[in-house]
Protein chains: 2
Amino acid sequence: MSEPTPTIGSREKILDVAESLFARRGYAGVGLREVAETAGLGKSSLFHHFRSKSELYFAVLGRVLDRMDERLRPIFAGGAGPLERLDRIIEALIDELVEHPGSARLLLRALFEDDDFAEPLPEAEPVEGAIESIVGRLDALLREGVAAGVLRRVSTPHTVQTLIGATIYHFASGEFGETLLGGPLLSSEEVRRRKQEVKALLHHGLAATPATPGS
Amino acid sequence: MSEPTPTIGSREKILDVAESLFARRGYAGVGLREVAETAGLGKSSLFHHFRSKSELYFAVLGRVLDRMDERLRPIFAGGAGPLERLDRIIEALIDELVEHPGSARLLLRALFEDDDFAEPLPEAEPVEGAIESIVGRLDALLREGVAAGVLRRVSTPHTVQTLIGATIYHFASGEFGETLLGGPLLSSEEVRRRKQEVKALLHHGLAATPATPGS
DNA sequence: TTTATACCCGACCGATCGGTCGGTCTGCAA
DNA sequence: TTGCAGACCGACCGATCGGTCGGGTATAAA
């Protein structure tokens, strides 16, 4: 009676709490006791929904990647030109990172916390597949732009890395980024500015300059 | 007799080991027992050199930042034009990240693991100061370029973020980056390509385009 | 009314955590 | 020869870690 979500949603509540905590303090920095109690449960009840800590972690990561994929898929599949699709991908990616704070940190950590799990865990595979899928489509889009002559002859994997840095790292930078910008990272003004800066860098820095003689 | 560094250097050995481990698994993911034994000591001996885990951590970070500062300072202070100084900063930054693998991950983690330490620790202050100093000089250099008219009227803090992403994130990306590139991140060939890509993006994307009418 | 299932809990397990303590060994100065 | 300080160690501390276990409760099908 008192709870807004009486019984349904306990699993989602755990995922919400775990997403926030893992984003803030990383896999090793979060204890299951804190996750459970923040979600309003005893620690034992966690193991009713998730068999282990790593399964919970990859479930959180999977949910973040599913949201991202759902948002980006129609744009990748859209019929616009490569450069316009790239613009829309950047905007949608940033929108997703802003609407779900923590996603950026969680993803950034996932990209370079591979050493946390020495043995390859089976529950990690769908997550790795989802990352590969999104990154692969982004790389393909860049290749298409180069092939169509609308982008410079850049190394597309390096450009993928640069775009990840320009978006995911930026929104994961937390206090440091806010000190640098002198204000909140997620204000609509600063988000708009970030989109503009990244797109401008892309248009000036990646677009083929029609009048410039090639090297 | 058997040790190459008989007694002198035990502290440095600890710092070396801790740098590698903290870079790979983060602050919370590393136990002092492992640090000590990898350095060839008992755990108790660690506390003879460092009063606490956090003091060790910030000593490691401080050493990384000192190396970086020593390398970048003469370039910042040099007499070259802003654009050429920017090129040299990027090259020197990447050289430093390559010569000391782990630095990239350590620094990236430091930039967004602020939540690991809820209470402000006194030993963190010199580290924060060193970061602010380097970032401040980079920002000033970008401002100088804009003022001199050799750079577009970009937001300099946002551009700092982009450059951090393009350099530090890239060399921190580990297995993910190697999968993306299809080979080792630190091969001289791939390092050379990274420098070239970042500088090209900078020249095409940041340099003022003299013939283009402003918006 | 019985049985099955989902959900949740307190108590407990062995292991590991950061950190302390008392003490040993070595080299050097007095 | 003594004394002192730096370097090092094993044993131990309370706390917390991920995970298990047996049991309690509610709902719904049989």
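The analysis underlying the following values was restricted to heavy atoms, covering all of them including side chains, and did not include hydrogens, waters or symmetry mates. Proteins come first, then strands; the chains are lettered A, B, ... in the order of their sequence lines, and each starts at number 1.
- With A:Arg194 contributing its side chain and B:His158 its backbone, the two residues share a donor-acceptor pair below 3.5 Å.
- Regarding B:Leu21, its CG atom lies at a distance of 12 Å from the P atom of C:dC17, rounded to whole Å.
- Between the side chain of A:His170 and the backbone N or O of A:Ala166, no donor-acceptor pair lies under 3.5 Å.
- Distance CD (B:Glu12) to P (D:dA7): 11 Å, rounded to an integer number of Å.
- Rounded to whole Å, atom C1' of C:dA15 lies 15 Å from atom CD of B:Glu34.
- A distance-only check finds no donor-acceptor pair linking the side chain of B:Tyr57 to the backbone of B:Ser52 [under 3.5 Å].
- In this structure, B:Glu37 atom CD and D:dC9 atom C1' are separated by 12 Å, rounded to whole Å.
- A:Arg109 places none of its side-chain heavy atoms less than 4.5 Å from the side chain of A:Tyr27.
- Following rounding to the nearest Å, A:Arg33 (CZ) and D:dC17 (P) show an atom-to-atom distance of 6 Å.
- The stretch residues 34-45 of chain B participates, sequence neighbours left out, in these side chain to side chain donor-acceptor pair (under 3.5 Å) pairs: B:Arg25-B:Glu34.
- Less than 4.0 Å separates DNA chain D from at least one heavy atom of each of the following residues of residues 42-55 of chain B: B:Gly42, B:Ser44, B:Ser45, B:His48, B:His49.
- Between A:Leu32 atom CG and D:dT20 atom P there is a gap of 11 Å when expressed in whole angstrom units.
- Residue-level contact check: A:Val30 touches the backbone only, with heavy atoms under 4.0 Å from sugar-phosphate atoms and none from bases.
- Ring planes of B:Phe117 and B:Phe58: tilted class, angle from 30 to 60°.
- To the nearest angstrom, C1' of D:dC8 lies 16 Å from CZ of B:Arg11.
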